[in-house]
Amino acid sequence: MAAVAQCVRGALRPRLPLHPLLSAAIRTSPRLLCAATQQKNTGQNLEEDQSQNQNEQKAETSSAEKLLAEEKAKLEEQLKEVTDKYKRALADAENVRQRSQKLVEEAKLYGIQSFCKDLLEVADILEKATESVPKEEIKDDNPHLKSLYEGLVMTEVQIQKVFKKHGLLRLDPVGAKFDPYEHEALFHTPMEGKEPGTIALVSKIGYKLHGRTLRPALVGVVKDP
């Protein structure tokens, strides 16, 4: 009964003017009034609960989105690092491949370098042999010497052809500018009619193997008087 009385007192508090018939019904039916008041309060409580649940759901959704955004940023950063490492690895592998290929090509080109140096001594001996034969003695009435000389010349020509075939070229730089990468100066001497810094005399022929100096030419260089 106390609860019913409390409901009636709450309902009868002056809020808005009530219709006379409604006021009489409330006074004559307090239980009905209490039930209506409780239903009203229950409806308000439900609305408040729903609003609170929605706010909580929004907060949870916002927190989940934030976590997902952070995880996405972290994964993107990891992907960037892995991509950079992959590109660097590819570049390193390509550099190694190019260096290896260059070494293989150089080995093919210059693998005969030591052998060529030994053959140069043979070419030098042939050249000296042909130069030592007196030209005035090469006559038809001296067939043995003539045949020997012609054989030496033919051998020298043939060996130079073989050298050229394998990329080995002579350096006979008379009159050319002195180049320390291709020539080795034995002496310097003044000489009329010659430009200083040019080569006046070649003491020993030089050779280049595929553009690389295998043996520098031994030369005499013109200097200022």
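Since the structure is predicted, the reported quantities are computational estimates derived from the model, not experimental observations.
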Are the side chain of Asn142 and the backbone N or O of Ile138 linked by a donor-acceptor pair below 3.5 Å?
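It does not hold such a pair.
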
Do any N or O atoms from the side chain of Thr130 and from the backbone of Glu127 form a donor-acceptor pair under 3.5 angstrom?
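Judged by distance alone, yes, a pair lies under 3.5 Å.
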
Yes or no on side-chain contact (heavy atoms from CB on, under 4.5 Å) for Lys208 and Glu182, after CA distance, side-chain angles and deciding distance?
CA-CA 8 Å; Lys208 294 179 72 174; Glu182 296 182 355; 2.8 Å; yes

With a 6.0 Å cut-off (strictly less than), is the heavy-atom count around [atom1] of [X], excluding the residue itself, greater than 12?
X: Lys135; atom1: NZ; value: yes
X: Arg97; atom1: CZ; value: yes
X: Glu136; atom1: CD; value: yes

[atom1]-[atom2] distance between [X] and [Y], expressed to the nearest 0.5 angstrom:
X: Ser147; Y: Met154; atom1: OG; atom2: CE; value: 11.0 Å
X: Lys85; Y: Asp92; atom1: NZ; atom2: CG; value: 13.0 Å
X: Ser132; Y: Leu152; atom1: OG; atom2: CG; value: 8.0 Å
X: Asp224; Y: Met191; atom1: CG; atom2: CE; value: 13.5 Å
X: Tyr207; Y: Asp172; atom1: OH; atom2: CG; value: 9.5 Å
X: Leu120; Y: Ile125; atom1: CG; atom2: CD1; value: 11.5 Å

What pair of heavy atoms forms the shortest contact from Ala200 to Val222, and how long is it?
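It is CB-CG2, 3.5 Å.
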
Please give me the minimum heavy-atom distance between Ala185 and Val221, naming the atom from each residue.
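It is CB-CG2, 3.9 Å.
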
Are [X] and [Y] linked, directly or through other ILVMFWY residues, by side chains that come within less than 4.5 angstrom of each other?
X: Tyr110; Y: Phe115; value: yes
X: Ile205; Y: Leu119; value: yes
X: Leu209; Y: Val122; value: yes
X: Val202; Y: Leu214; value: yes

Applying salt bridge (Lys or Arg N to Asp or Glu O under 4.0 Å), run through Glu195 and Lys177 and close with a yes or a no.
CA-CA 9 Å; Glu195 182 182 355; Lys177 274 283 188 182; 3.5 Å; yes

Tracing side-chain links under 4.5 Å among I, L, V, M, F, W and Y, which residues wind up in one group with Phe187?
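Via sub-4.5 Å side-chain contacts, Phe187 links to Leu186, Leu201, Leu218.
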
With clusters built from Ile, Leu, Val, Met, Phe, Trp and Tyr whose side-chain heavy atoms come within less than 4.5 Å, directly or transitively, what are the remaining members of the cluster of Leu75, listed by chain and number?
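So far as hydrophobic clustering goes, Leu75 is joined with none.
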
Answer whether the closest heavy-atom distance between the side chains of [X] and [Y] falls below 4.5 Å.
X: Leu168; Y: Lys164; result: no
X: Val133; Y: Leu145; result: yes
X: Val219; Y: Pro173; result: yes

Apply the test salt bridge (Lys or Arg N to Asp or Glu O under 4.0 Å) to residues Arg215 and Asp124: give CA-CA distance (whole Å), side-chain angles for both, the deciding distance (0.1 Å), then the verdict.
CA-CA 12 Å; Arg215 187 182 76 183; Asp124 292 340; 2.7 Å; yes

Aromatic plane relationship, His183 with Phe178 - under 30° parallel, 30 to 60° tilted, over 60° perpendicular:
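It falls in the tilted class, 30° to 60°.
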
What residues form a side-chain contact (heavy atoms from CB on, under 4.5 Å) with Val157, not counting sequence neighbours?
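Counting only residues at least two positions away or on another chain, Val157 forms a side-chain contact (heavy atoms from CB on, under 4.5 Å) with Val153, Lys161.
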
Exercise: do Gln98 and Glu94 side chains pair donor with acceptor under 3.5 Å:
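Yes - a donor-acceptor pair under 3.5 Å links their side chains.
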
Could you tell me if Arg170 sits above the aromatic ring of Phe163, with its cationic atom closer than 6.0 Å to the ring centre and no more than 45 degrees from the axis?
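Arg170 over Phe163 ring: no.
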
Determine, step by step, whether Leu67 and Glu70 satisfy the side-chain contact (heavy atoms from CB on, under 4.5 Å) criterion, reporting the C-alpha distance in whole Å, the side-chain angles of both residues, the deciding distance to 0.1 Å, and the verdict.
CA-CA 5 Å; Leu67 290 175; Glu70 292 176 354; 4.1 Å; yes

Hey, is Lys128 close enough to Glu131 for a salt bridge, meaning N to O under 4.0 Å?
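Looking at Lys128 and Glu131, the cut-off is not met.
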
Electrostatic pair Lys204:Glu184 at N-O distance under 4.0 angstrom:
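No.
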
Before giving the answer on side-chain contact (heavy atoms from CB on, under 4.5 Å), spell out for Arg212 and Gln113 the whole-Å C-alpha distance, their side-chain angles and the decisive distance to 0.1 Å.
CA-CA 10 Å; Arg212 178 187 294 179; Gln113 181 171 321; 3.9 Å; yes

With side-chain contact (heavy atoms from CB on, under 4.5 Å) as the test, would you mind laying out the steps for Thr83 and Lys87 before giving the verdict?
CA-CA 6 Å; Thr83 303; Lys87 289 180 179 179; 3.8 Å; yes

